[in-house]
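Written below as structure tokens is the structure these notes are about.
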Amino acid sequence: MSDSNEEYEEDIILADLSDEELVEQMFDDLYDGLKEEIEEGTNILLSRGWSAEKVLNEALVAGMTIVGIDFRDGILFVPEVLMAANAMKGGMAILKPLLAETGAKPVGTMVIGTVKGDIHDIGKNLVGMMLEGAGFEVFDIGINSSVEDFFAAMEKHKPDVLGMSALLTTTMPYMKVVIDEMVNKGIRDDYIVLVGGAPLNEEFGEYVGADRYCRDSAEAAAVAVAMVTERRQSSA
Ligand code: B1M
């Protein structure tokens, strides 16, 4: 038998796998940074009636958690994790329009960014996608965002909500730098400030002076909708 036949025989046909097997395979493919396979797996699960949220949480986010554990333990290194992140973004791009599908009128606006010194953007992107799905207009200023970047975006877009994301224990204190500057400039109460990211917790959210710490993107969307609605009602 030729080599190419052997390779062919070893190929896994994703569409032939059960849901459970496919999700397991997607964990492996995410781990190996295989973007096309992740895109294919995402499409297959959607075609089997999975909701975008279910694919996101049970296949993509769960897969990235495994990557994170091996990254922490020194089994995976930055280049491999970058490839995994790239593969995950391939799946997220397919889910984005589905998560953003909504019949609701725009309920508010948000400026969001990952704070200075931090280049992690997957969680931030997810929060933006979920907010869009909840009917928000989202202005994403990207990664490594300084006080000046946040202020320029607030000035330009006059959002209801300012969102900050941080994934590193070394960068999360920068949220306080931004909020303290808002206090100094007398504009803190003009905005609802939400913060999030894996190393944060509620206590830290209170410490930096945010309105709320949000554990995940679904909570961020729900909190943003509730707080903007409440603020509009109380000022009406
Ligand atoms: Co980095 N990294 N990384 N990394 N990386 C972590 C965060 C780490 C926990 C890994 C580990 O050791 N286990 C660790 C931080 C340790 C610490 O600070 N205590 C770490 C480290 C150390 C580093 C470097 C320093 C490594 C190095 O260079 N030696 C370096 C730092 C670079 C920098 O930022 N200056 C680095 C680099 C990278 C990559 C570039 C390779 C890549 C990022 C690619 C990218 O984002 N485009 C990367 C990745 C992918 C990770 C892990 C593996 C996954 C992060 C992720 O995307 N998770 C991560 C391990 C982990 O978190 N398990 C890790 C999936 C995402 C959906 O979750 O972002 O938490 P998350 O978002 C969640 C919630 O937190 C929440 O909603 C989302 C869920 O719905 N949320 C919000 C997030 N933001 C929110 C904002 C809100 C509300 C909710 O309101 C506004």
Side-chain angles (χ1 to χ4, degrees), residues 27 30-31 33 35 38 52-93 95-96 99 108-134 136 138-145 150 153 159-175 178-179 191-202 204-205 208 210-225 227:
F27 290 168
L30 194 70
Y31 196 92
K35 188 177 180 190
I38 289 299
E53 283 87 354
K54 188 165 152 105
V55 179
L56 179 66
N57 292 323
E58 295 183 21
L60 301 182
V61 172
M64 190 50 97
T65 304
I66 300 169
V67 171
I69 292 167
D70 281 3
F71 187 31
R72 179 196 64 204
D73 295 345
I75 298 164
L76 287 179
F77 296 95
V78 170
E80 290 127 329
V81 179
L82 264 179
M83 285 180 67
N86 187 43
M88 176 152 182
K89 285 183 178 179
M92 281 167 57
L95 300 179
K96 184 175 178 173
L99 292 170
T109 50
M110 180 195 220
V111 161
I112 188 167
T114 301
V115 297
K116 190 173 171 182
D118 201 321
I119 62 168
H120 295 86
D121 68 353
I122 296 177
K124 165 187 69 63
N125 295 348
L126 264 181
V127 173
M129 279 160 59
M130 291 301 279
L131 264 287
E132 281 176 358
F136 266 70
V138 176
F139 303 99
D140 185 341
I141 64 169
I143 55 172
N144 195 23
S145 306
F150 281 111
D160 300 293
V161 181
L162 173 67
M164 288 187 280
S165 178
L167 264 285
L168 299 172
T169 45
T170 49
T171 57
M172 59 191 217
Y174 195 78
M175 292 173 166
V178 177
I179 296 175
Y191 303 91
I192 295 162
V193 180
L194 304 183
V195 294
L200 278 68
N201 57 27
E202 219 168 301
F204 184 79
V208 297
D211 289 292
R212 278 286 291 272
Y213 152 75
C214 302
R215 193 183 59 252
D216 58 32
S217 51
E219 186 177 320
V223 168
V225 170
M227 292 191 79

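This structure is a prediction, so every number in the text was calculated from the model and none was measured. As the structure lists them, so they are numbered: ligands from 1, and atoms in each ligand from 1. What you see below is based on every heavy atom in this structure, not just the backbone, and it leaves out hydrogens, waters and symmetry mates.
- At the top of the distance list for atom 74 (C) of ligand 1, counting protein heavy atoms only, stands R215 O, 3.5 Å.
- With a heavy-atom cut-off of 4.0 Å, A85 touches ligand 1 through its side chain alone.
- When hydrogens are left out, the protein atom nearest atom 56 (C) of ligand 1 is M64 CG, 4.1 Å; that is the closest non-hydrogen contact.
- Looking at atom 18 (O) of ligand 1, its nearest protein heavy atom turns out to be T169 N, 2.9 Å.
- Looking only at protein heavy atoms, the nearest one to atom 67 (C) of ligand 1 is L126 CD1, 3.5 Å.
- Here atom 32 (C) of ligand 1 lies nearest to I119 when heavy atoms of T170, I119, V161 are compared.
- Here V127 has side-chain heavy atoms under 4.0 Å from ligand 1, and that is the only part of it that gets that close.
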Can you give each donor-acceptor pair under 3.5 Å made by side-chain atoms of residues 119-131, sequence neighbours left out, with the distance rounded to 0.1 Å?
from, atom 1, to, atom 2, distance (Å)
H120, ND1, D118, OD1, 2.8
D121, OD1, K89, NZ, 3.0
D121, OD2, K89, NZ, 3.0
K124, NZ, D140, OD1, 3.0
K124, NZ, D140, OD2, 2.8
N125, ND2, D121, O, 3.1

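- Within a 4.0 Å radius of atom 86 (C) of ligand 1, the protein contributes one or more non-hydrogen atoms.
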Side chains of residues 56-74: which donor-acceptor partners sit under 3.5 Å, not counting sequence neighbours?
from, atom 1, to, atom 2, distance (Å)
N57, ND2, E53, O, 3.2
T65, OG1, V61, O, 2.9
D70, OD2, Y31, OH, 2.5

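- Residue contacts with ligand 1, taken as heavy atom pairs separated by less than 4.0 Å, involve V195 solely via the backbone atoms N, CA, C and O.
- In terms of protein heavy atoms, atom 47 (N) of ligand 1 is closest to D121 OD1, 2.7 Å.
- Contacts of K89 with ligand 1, taken as heavy-atom pairs under 4.0 Å, involve the side chain alone.
- Within a 4.0 Å radius of atom 52 (C) of ligand 1, the protein contributes no non-hydrogen atoms.
- Counting all heavy atoms, side chain and backbone alike, E219 lies closest to C214 at OE2-CA, 3.6 Å.
- Of the protein's heavy atoms, at least one falls inside 4.0 Å of atom 10 (C) of ligand 1.
- For atom 71 (P) of ligand 1, the nearest protein heavy atom (residue, atom name, distance) is G123 CA, 3.9 Å.
- Counting protein heavy atoms under 4.0 angstrom from atom 59 (C) of ligand 1 gives zero.
- Comparing A198, A224, A220, A218 against atom 70 (O) of ligand 1, the shortest heavy-atom distance belongs to A198.
- Judged as a ring pair (Phe, Tyr, Trp, His ring centres under 6.0 Å), and not counting sequence neighbours, the contacts of F204 are Y207.
- Looking only at protein N/O/S atoms, the ones less than 2.8 Å from atom 1 (Co) of ligand 1 make 1 in total.
- Of the candidates A62, C214, A166, it is C214 that places a heavy atom closest to atom 89 (C) of ligand 1.
- For the pair S165 and L167, the tightest heavy-atom approach, listed with the atom from each and the gap, is OG-CD2, 4.1 Å.
- What sits closest to atom 13 (N) of ligand 1 on the protein, heavy atoms only, is R72 CB, 2.8 Å.
- With hydrogens left out, the protein atom closest to atom 84 (N) of ligand 1 is S165 OG, 2.8 Å, a heavy atom.
- For I122, heavy-atom contacts with ligand 1 shorter than 4.0 Å involve the backbone as well as the side chain.
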